[in-house]
Amino acid sequence: MSQLDEVVGEIADEMRRHTDRGDVASYIPELARVDPGAFGLAVVDAEGNVAAAGDADVPFSIQSISKVFTLTLALGKAGDRLWRRVGREPSGSPFNSIVQLEREKGIPRNPFINAGAIAVTDVILSGHQPREALGEILRFMQALADDPAIAIDRAVAASEQRTGFRNAALANYMKSFGVLENPVEFTLGVYFHHCAIAMSCRQLATAGRFLAHLGRNPTTGMSIVSPERARRINAIMLTCGHYDGSGEFAYRVGLPGKSGVGGGILAIAPGKASIAVWSPGLDAAGNSHLGRIALEALTKRMGWSVFGT
Ligand code: GLU
């Protein structure tokens with residue numbers, strides 16, 4: 001058994017014993033029903049070995065983690081022109097905040113808050129029907145994870161659509177500034193559906209490998225993005241990946257990471273590993289409570305923080 005296998009097993013055991021697990025998202029019934037006791041961890045190292053423990057093969061709603069992959073696709077499509085429609089500064093605000101948008105004339109702070117991710121989705125949608133844009137996003141995830149079975153949870157998407165008044169407000173507000181090109185309902189439809197993709201920790205960690213290895217899948221050698229682009233996506237994950245908990249995540253874990261309200265976190269140890277953790281209970285900033293604690297333990301024991309041990 002490798003050191004990594006041992007550490008991953010230990011951490012899963014420790015997390016099982018935690019009583020303070022945070023609160024499961026309750027804004028839609030599909031997420032509120034998820035077992036708060038679930039915990040999964042998967043780490044894929046540079047050689048492609050997977051260390052996995054707990055519920056690492058149980059699919060969960062990736063929610064905002066999808067924003068890393070839509071950002072990657074939109075940069076591929078628009079290149080640096082994307083930055084005319086969205087900024088790249090931490091927001092210091094909750095994920096669905098509207099106040100900043102007014103002060104900043106409809107340009108969202110970064111691609112990982114909801115407004116920014118909706119603007120990014122609009123870029124992917126332009127020139128396509130919503131169904132085609134969504135198919136492109138889903139196929140991208142399937143190819144990266146090397147698993148054609150990855151699917152959208154339609155019940156989650158329908159619930160998001162039914163209750164997404166705040167996201168609709170953000171989208172309409174941006175539309176009024178000309179930041180969105182497509183009909184608001186089309187852009188929102190694609191956004192809600194890509195947030196509703198269901199994946200396991202193993203699939204997600206596999207999909208994130210290109211970010212840990214200069215834009216390439218080190219096993220197949222396939223280049224997904226340039227090394228420079230991978231570095232920049234990691235920079236945005238580090239500074240903006242956890243909403244107004246991004247500073248705390250950098251302080252405690254020290255890796256680029258992106259959280260989702262479903263309780264997942266994708267974290268990247270550059271040159272070393274791609275990591276996915278899932279524990280549905282959230283902290284006050286809407287990030288996985290135990291997920292963060294598990295990642296802190298992992299980076300400490302493996303010496304993986306980008307800031308040194
Ligand atoms: N679908 C969620 C929303 O737009 C994503 C939020 C998140 O994962 O943080 O409200």
Side-chain angles (χ1 to χ4, degrees), residues 22-34 59-71 86 90-98 100-101 108-122 124-125 134 137-138 141 152-174 180 184-199 201 204 208 236-237 240-246 248-249 257-267 276-289 291-292:
D23 297 316
V24 171
S26 57
Y27 71 101
I28 54 171
E30 287 75 9
L31 292 182
R33 269 200 296 273
V34 175
F60 61 90
S61 194
I62 67 167
Q63 291 293 330
S64 286
I65 305 173
S66 61
K67 296 171 182 175
V68 173
F69 302 95
T70 49
L71 172 64
V86 61
S91 71
S93 305
F95 64 100
N96 55 5
S97 167
I98 201 163
Q100 240 161 22
L101 264 187
R109 267 289 167 103
N110 68 65
F112 292 158
I113 51 173
N114 284 11
I118 293 167
V120 164
T121 301
D122 188 72
I124 297 173
L125 176 57
L134 197 56
I137 297 167
L138 188 60
M141 303 305 298
I152 292 166
D153 184 327
R154 300 274 161 192
V156 171
S159 255
E160 298 268 3
Q161 202 136 20
R162 235 182 355 261
T163 59
F165 304 111
R166 176 78 69 116
N167 286 319
L170 293 169
N172 279 292
Y173 201 61
M174 287 190 286
L180 301 187
V184 165
E185 60 276 23
F186 285 11
T187 305
L188 281 174
V190 176
Y191 171 78
F192 289 133
H193 281 78
H194 73 63
C195 285
I197 293 173
M199 288 170 81
C201 289
L204 201 53
I236 299 169
M237 289 172 75
C240 311
H242 282 73
Y243 307 117
D244 50 344
S246 299
E248 184 70 5
F249 188 82
K258 181 73 202 88
S259 71
V261 83
I265 303 175
L266 171 67
V277 64
W278 172 53
S279 174
L282 307 177
D283 62 19
N287 302 309
S288 175
H289 179 64
R292 202 259 295 137

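Counting starts at 1 for both ligands and their atoms, following the listed order. Residue numbers run from 1 in the order of the sequence given.
- Here the options are I118, V68, V86, T70, the test is side chain to side chain contact (heavy atoms under 4.5 Å, CB included), and the partner is P111; only V86 passes.
- For K258 (side chain) and G241 (main-chain N/O), a donor-acceptor pair under 3.5 Å exists by modelled atom type.
- By the criterion of a heavy-atom distance under 4.0 Å, neither the backbone nor the side chain of I65 is placed next to ligand 1.
- Using a non-hydrogen distance threshold of 4.0 Å, G260 registers as a contact of ligand 1.
- In summary, the atoms of ligand 1 found under 4.0 Å from a heavy atom of N167, numbered by their order in the structure, are 3 (C), 4 (O), 10 (O).
- The residue F192 has no part lying near ligand 1, judged by heavy-atom distances below 4.0 Å.
- Below 3.5 Å of separation, one finds no N or O of S259 facing any N or O of ligand 1.
- With hydrogens and angles ignored, the 3.5 Å screen pairs a side-chain donor or acceptor of N110 with a backbone N or O of I113.
- When heavy-atom distances to ligand 1 are checked against a 4.0 Å cut-off, E160 comes that close only through its side chain, counted from C-beta outward.
- Within a 6.0 Å radius of CG in D23, no more than 12 heavy atoms belonging to other residues, nucleotides or ligands are found.
- If you number the atoms of ligand 1 from 1 as listed, the ones under 4.0 Å from a heavy atom of Y27 come out as 1 (N), 2 (C).
- Of all the heavy atoms of C195, the ones lying under 4.0 Å from any atom of ligand 1 belong exclusively to the side chain.
- Considering both main-chain and side-chain atoms, K67 never comes within under 3.5 Å of ligand 1 through any nitrogen or oxygen pair.
- Here atom 10 (O) of ligand 1 lies nearest to N114 when heavy atoms of N114, I113, V261 are compared.
- Without hydrogens or angle criteria, S288 side chain to S279 main chain gives a donor-acceptor distance under 3.5 Å.
- The side-chain heavy atoms of F69 and L204, taken from C-beta on, include a pair separated by under 4.5 Å.
- Put simply, CG on D122 and CG on L188 are 9.5 Å apart, with the number rounded to the nearest 0.5 Å.
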